[in-house]
Amino acid sequence: MIDERVVVVTGGGTGIGAATTRLLCAAGHRVVISGRRPGPLRQVADETGAVAQPADLTEASAVHDLVESTVSRYGRLDGLVLNAGIGRGGAVGDLSDETWDMVIRTNLTGPFLLLRAALPHLLKAGGSVVAVASVSALRNGKGNAAYATSKAALLQLCRSLTVDYAGQGLRANTVCPTWVRTEMADRRMARFVEESGLGGGVEEAYVEATRLVPAARPGDPSEVAEAIVWLLSPAASFVNGAVLTVDGGVAALDAGTVPFDFRLESRGGGH
């Protein structure tokens with residue numbers, strides 16, 4: 001007998017969110033997907049049987065509507081996958097107010113609003129939350145101030161859920177991927193090609209970007225989705241407040257040992 005659950009997946013139209021939706025629907029669960037772009041959401045919904053509800057989840061009214069329509073349709077809410085996010089580059093001195101606000105509002109405030117709205121239903125169901133952060137929440141890179149800050153804060157937001165509500169049956173965990181072949185990552189690789197003059201296009205860009213990843217490749221969205229679906233499930237019933245790196249081993253790498261295996265040269269002329 002299927003242990004049917006009702007799960008909301010944000011950023012469900014592409015990449016990790018779409019892959020998670022496919023796995024959940026294939027297992028017989030009810031899934032509502034949300035995001036800003038109706039087209040990709042409808043495509044995934046048509047493919048999987050999920051329900052698409054386009055929304056700007058940085059707006060409290062849209063968040064309220066998403067939660068209430070889900071509970072009205074299915075009578076419950078068992079899980080949230082906080083996957084929607086954006087990336088914008090820039091060091092602290094280079095970021096505009098607008099860029100900072102956009103990244104923080106999308107990657108942190110939106111999840112907070114959704115968690116707050118969904119919390120009574122999740123507590124009633126003894127539910128589970130999985131946030132999709134990034135290895136940038138644990139390790140930083142140049143020109144990554146807003147994104148890394150937002151993902152580190154998202155990680156602590158989920159840990160706050162564990163500390164405050166685990167005694168009431170709620171579980172909240174975080175996955176931290178490295179480069180995964182998604183639409184957003186493809187766009188970053190295309191910019192990398194322009195900036196660096198790589199002759200092999202996006203494929204070579206992925207090779208370069210993952211050269212120091214012990215697994216020596218980017219992840220596939222389905223690989224992250226498998227971890228998310230497990231964390232949502234009763235199989236992870238005593239896993240709470242965990243941070244699971246799904247990163248091919250990159251967070252295990254000691255940067256101080258890298259020069260023994262690689263000759264490193266700056267692409268931008270910096271030091």
Side-chain angles (χ1 to χ4, degrees), residues 1-12 15-35 48-51 53 57 63 66-85 107-108 110-134 137 151 153-177 221-246:
M1 181 177 178
I2 294 175
D3 175 27
E4 181 183 287
R5 280 163 272 139
V6 177
V7 182
V8 169
V9 179
T10 69
I16 293 168
T20 302
T21 300
R22 292 186 186 100
L23 285 178
L24 288 169
C25 288
H29 303 299
R30 305 296 184 184
V31 182
V32 177
I33 54 176
S34 194
T48 63
V51 173
Q53 185 165 336
L57 298 179
V63 167
L66 174 62
V67 172
E68 292 308 309
S69 66
T70 299
V71 174
S72 176
R73 178 185 293 269
Y74 294 118
R76 59 190 294 177
L77 176 57
D78 302 290
L80 284 182
V81 179
L82 303 173
N83 173 67
N107 295 358
L108 181 61
F112 162 73
L113 293 173
L114 182 53
L115 287 167
R116 188 175 62 182
L119 188 59
H121 305 290
L122 291 170
L123 290 175
K124 183 178 180 181
S128 178
V129 175
V130 180
V132 181
S134 166
K151 291 300 188 178
L154 178 63
L155 186 158
Q156 290 296 350
L157 178 63
C158 276
R159 281 181 163 168
S160 294
L161 287 173
T162 297
V163 172
D164 292 332
Y165 299 106
Q168 298 176 55
L170 182 68
R171 292 189 302 109
N173 296 290
T174 306
V175 295
C176 290
S222 65
E223 294 176 301
V224 185
E226 291 280 4
I228 292 169
V229 171
W230 177 73
L231 286 169
L232 288 172
S233 77
S237 60
F238 202 54
V239 181
N240 212 339
V243 179
L244 177 60
T245 53
V246 188

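- The side-chain heavy atoms of V132 and I228, taken from C-beta on, include a pair separated by under 4.5 Å.
- Side-chain contact check for R159 versus V243: some heavy-atom pair is nearer than 4.5 Å.
- Between S233 and H29, the closest side-chain pair of non-hydrogen atoms is not below 4.5 Å.
- Atom OG1 of T70 and atom OH of Y74 lie 8.0 Å apart (nearest 0.5 Å).
- Shown here for V63 and L114, the closest heavy-atom pair between the two residues is CG1-CA, 3.4 Å.
- With a 4.5 Å cut-off on side-chain heavy atoms, L119 and L170 count as touching.
- No side-chain heavy atom of L113 sits under 4.5 Å from any side-chain heavy atom of L57.
- Looking at every heavy atom in both residues, L80 comes nearest to A118 through CD1-CB, 3.8 Å.
- Residue A225 comes nearest to I16 through the heavy atom pair CB-O, 4.5 Å, listed as atom of the first residue, atom of the second, then distance.
- Scanning both residues, P177 and A133, for their nearest heavy atoms gives CD-O, 3.6 Å.
- Here the side chains of L115 and L82 are in contact, with some heavy-atom distance below 4.5 Å.
- Between K124 and R76 there is no side-chain heavy-atom pair separated by less than 4.5 Å.
- Applying side chain to side chain contact (heavy atoms under 4.5 Å, CB included) to L231 and the options V129, V81, V175, N240 leaves one that passes, V175.
- The CG atom of L108 sits 6.0 Å away from atom CG of L157, with the distance rounded to the nearest 0.5 Å.
- In this structure, CD1 in I33 is found 11.0 Å from OG1 in T20, a value given to the nearest 0.5 Å.
- Here the closest non-hydrogen pair linking T10 and A84 is OG1-N, 3.0 Å.
- A distance-only check finds no donor-acceptor pair linking the side chain of N107 to the backbone of K151 [under 3.5 Å].
- The shortest distance between side-chain heavy atoms of V31 and T48 does not fall below 4.5 Å.
- Counting all heavy atoms, side chain and backbone alike, C158 lies closest to A172 at O-CB, 3.4 Å.
- Residue L122 forms a side chain to side chain contact (heavy atoms under 4.5 Å, CB included) with just one option from L77, V67, L161, D78, and that option is L77.
- Remark: the backbone N or O of Q53 is paired with a side-chain donor or acceptor of S34 at under 3.5 angstrom.
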